[in-house]
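Single-structure report; data block below.
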Amino acid sequence: MTKERLISLDVFRGFTILLMTIVNNPGSWTTVYPPLLHSDWNGCTPTDLVFPFFIFIMGVAVSFAMPTKTFDNNTFNKIMVRSLRMFCLGVFFNFFGKIQLFGLEGIPLLIGRLAITIGVGYTLMGNFSLKNKTYLMLSILGAYIFLAFSGIEAYHDVRLPGVLQRIGIVYFVITLLYLKTTQKTQVIVASTILLGYWGIMTLIPVPGIGLANLEKGSNLASWMDGILLKDHVWAVTKTWDPEGILSTIPAIASGIIGLLIGQLLNRPLPKIEIAKKMGIAGITLIILALLWSIAFPFNKSLWTSSFVLYTSGLAILSLTLFYYVIDIANYKKWTKLFLIWGVNPMIVFFFSEIIPQGLEMIQFKNPEIPSEQINLQNYLYEFWIAPFFNNPMTASLAGALIYVTIWSFILWTFYKHKLIFKV
C-alpha cells in the first residue's frame, strides 16, 4: 500500500535531478561557472547540494511508499533487491567504458556496448516477479565481481563505488530503520552516526601517516578506501574515492533526517503546522551545522557531519517552500516541468551517464584540423553551440541547457504516456 503522491516532493525531486543534469553535462568542463562546480575540498557550492538533496528526498519518500509498517521476509527481500538493483545500475556506469567485445573498436564497439546497456537497463529496471528480479540482479552482481577481480586487464581498475551505489546502501539501511524502529530510535541512530564519525575522523590516527587529519588523500577515509578498494576507486583521485566506504556511513544520517521529515509530513496535523515545524527544524540544523563547521568543516568528499546537517537543513527549507506554495497555497500551474523530471529520475540518471560516454566514442576528422580526431560530443559543442556566444562559460551553460531541453521533451513523452521507470 502506498500513500497518495506528495506533489511538492515530486517537484523538489524534479528540481534536484534537473540541476544534477545541468551540472553533470556542461558544454565544456574547462569553462564552467564556479557555482556549477563542486568545491575543490572544504566548502559547499550549489552543486554540492545535489547529491545530499537526493538522499534526503529518498528518505522522505520511504514513509510515503510504505505508510503501513509491515515487515516480513517478503518485505525484506523487496528492500534488499531494490537496493542491490540500484547498486548494480551504478556499477554498470563504471563498466560501460571498459567493455571489450571480440577486438571491436569505434562504432561497432559502441553498438555492442549500447546493446549490453539496453539489456542491463531492462534487467535492472524491468517489471518482473520478485523471484526473477532476485535471480537477474544476483547474476549481474556476480558478473561484476568476477570481472573486477578476475585479473582481466580491462577491468582490473574498474571503479566500484559511486552515486547510485551509495544511494542503494542508504536506502537499504533507512528503510529497515523505518520499518523496525521508532522515530526516537532513528534520531538516536542519526546522532550517534554523526558524533561517532566526527570522533573517528578527528581522533583516530591514520596508519602509516600519523595523526588524524582531514586533508585530501591522507585522512582515515582515504586510507580505508586504499586498503579495501585498492585500484577500484575513482580514476581522478586514484587512491581514494569521494563515494568511498567510510564516508558512506554519515550519508545514512542524511537519509534518516529525510525519513523523519517524511514521517512529520504524514502526521494528522494541519498543513501549516507541519510547514512551521519543518521550517524550525531546517533553521536549527543549519545553525548547528555552522557552529560544528568551525571544528569539522563542510566537505562533500568526506561527507562530514557538519555537511550532513547543513545540506539537510537547506533541503528541509527547500521542501518547506515547495510544500507551502504547492500543497498549502495550491499554486501548481508552474510545476509541470519539474513534475515530469521528478517522477522519472532513474531513467535520466541512467542514460545521462551513458550518453556522454557514447558520444565520445564516435570520432572523425576535425574539420578545422584534419590531422586530428574530434569526438561527436566536442564537435557538437565547438561547432554548433560555442560560436554563438562570446563568453565561453555562457556557451558551456548553454550546452547543458540544450541537453536538458532534449531530455525535457523525452520525459514529457514518458509522462504523457504514463511511463515510469523504477528499480
Side-chain angles (χ1 to χ4, degrees), residues 2-23 35-36 44-65 67 254-290 308-346 348-349 397 400-401 404-405 407-409 411-412 414-416 418 420:
T2 60
K3 193 176 177 68
E4 183 180 350
R5 297 190 77 100
L6 185 67
I7 297 178
S8 54
L9 183 62
D10 282 335
V11 170
F12 186 26
R13 185 188 297 109
F15 171 82
T16 302
I17 200 77
L18 195 153
L19 179 59
M20 181 205 77
T21 305
I22 290 174
V23 302
L36 299 179
C44 185
T45 71
T47 299
D48 292 324
L49 299 176
V50 172
F51 193 6
F53 274 20
F54 203 83
I55 289 181
F56 169 86
I57 291 166
M58 178 181 66
V60 177
V62 165
S63 60
F64 283 86
S254 298
I256 293 174
I257 293 171
L259 189 64
L260 292 166
I261 294 299
Q263 291 168 95
L264 171 60
L265 284 164
N266 278 306
R267 288 179 63 184
L269 296 173
K271 290 183 178 179
I272 192 67
E273 192 67 27
I274 292 174
K276 288 179 180 177
K277 290 180 180 295
M278 288 170 62
I280 292 171
I283 292 170
T284 301
L285 290 186
I286 290 173
I287 292 172
L288 290 174
L290 291 171
V308 171
L309 296 183
Y310 183 65
T311 55
S312 297
L314 290 176
I316 293 171
L317 293 183
S318 299
L319 180 56
T320 303
L321 178 61
F322 285 123
Y323 183 69
Y324 180 82
V325 171
I326 297 169
D327 294 292
I328 296 178
N330 202 35
Y331 183 50
K332 303 175 181 177
K333 292 182 179 180
W334 58 277
T335 61
K336 187 67 71 176
L337 172 64
F338 299 106
L339 268 177
I340 66 175
W341 281 80
V343 298
N344 247 327
M346 197 56 65
V348 179
F349 203 108
L397 177 59
L401 294 177
V404 163
T405 301
W407 262 110
S408 295
F409 281 113
L411 293 172
W412 168 252
F414 291 157
Y415 186 83
K416 186 177 180 181
K418 298 181 180 180
I420 298 178

Legend entry - Exam field: side chain Asn266 to backbone Gly262, donor-acceptor pair closer than 3.5 Å: yes
Inset, instruction - Looking only at non-hydrogen atoms, find the nearest pair between Leu285 and Ser312 and report the distance. - result: CD1-CB, 4.1 Å
Inset, instruction - Please tell me if the side chains of Tyr323 and Leu6 come closer than 4.5 Å, counting only heavy atoms from C-beta onward. - result: yes
Inset, instruction - Side-chain contact test, heavy atoms from C-beta onward, threshold under 4.5 Å: evaluate it for Ser318 versus Phe15 and give yes or no. - result: no
Legend entry - Smallest separation among heavy atoms of Ile326 and Ser8, with atom names: CD1-CA, 3.9 Å
Legend entry - Met20 and Phe349: CA distance, side-chain angles, deciding distance, side-chain contact (heavy atoms from CB on, under 4.5 Å) verdict: CA-CA 9 Å; Met20 181 205 77; Phe349 203 108; 3.4 Å; yes
Inset, instruction - Could you grab the distance from atom CD1 of Ile55 to atom CD1 of Ile256, nearest 0.5 Å is fine? - result: 11.5 Å
Inset, instruction - Find out whether Ile420 and Phe414 are in side-chain contact, i.e. whether some heavy atom of one side chain is under 4.5 Å from a heavy atom of the other. - result: no
Legend entry - Flag side-chain contact, heavy atom, 4.5 Å: Tyr310 against Ile286: yes
Inset, instruction - Work out which heavy atom in Arg13 is nearest to a heavy atom in Gly342; give both atom names and the distance. - result: CD-O, 3.0 Å
Legend entry - Validation row: Thr47, Pro35 side chains within 4.5 angstrom (heavy atoms): no
Legend entry - Separation between CG of Leu314 and CZ of Phe56, rounded to the nearest 0.5 Å: 10.5 Å
Inset, instruction - Would you kindly say whether Ser408 and Trp341 are connected by a side-chain donor-acceptor distance under 3.5 Å? - result: yes
Legend entry - Heavy atoms from other residues, nucleotides or ligands near NZ of Lys332 exceed 12 (cutoff 6.0 Å): yes
Inset, instruction - Test Ile316 against every option in Thr311, Ile280, Ile261, Leu260 by the side chain to side chain contact (heavy atoms under 4.5 Å, CB included) rule and name the one that passes. - result: Ile261
Inset, instruction - Please list, chain by chain and in numerical order, all residues satisfying side-chain hydrogen bond (donor to acceptor under 3.5 Å, both in side chains) with Thr45, sequence neighbours excluded. - result: Asp48
Legend entry - Distance, nearest 0.5 Å, that separates CD1 of Ile17 from CH2 of Trp407: 10.0 Å
Inset, instruction - Would you indicate whether the side-chain heavy atoms of Leu259 and Val60 approach each other to under 4.5 Å? - result: no
Inset, instruction - Any chance you could measure Asp10, atom CG, to Asn344, atom CG, to the nearest 0.5 Å? - result: 10.5 Å
Inset, instruction - Taking the side chain as every heavy atom from C-beta outward, state whether Thr335 and Val325 have any atom pair closer than 4.5 Å. - result: no
Inset, instruction - Working to the nearest 0.5 Å, report the span between CG of Leu19 and CZ of Phe338. - result: 10.0 Å
Inset, instruction - Find out whether Leu397 and Ile22 are in side-chain contact, i.e. whether some heavy atom of one side chain is under 4.5 Å from a heavy atom of the other. - result: yes
Inset, instruction - Look up atom CD1 in Ile57 and atom OG1 in Thr16, then write down how far apart they are to the nearest 0.5 Å. - result: 3.5 Å
Please tabulate, for the side chains in residues 267-279, all donor-acceptor contacts under 3.5 angstrom to protein atoms that are two or more places apart in sequence or on a different chain.
unit_1 : atom_1 : unit_2 : atom_2 : d
Lys271 : NZ     : Asp327 : O      : 3.3

Legend entry - All ring-ring contact (aromatic ring centres under 6.0 Å, His included) counterparts of Phe12, not counting sequence neighbours: Phe53, Phe322
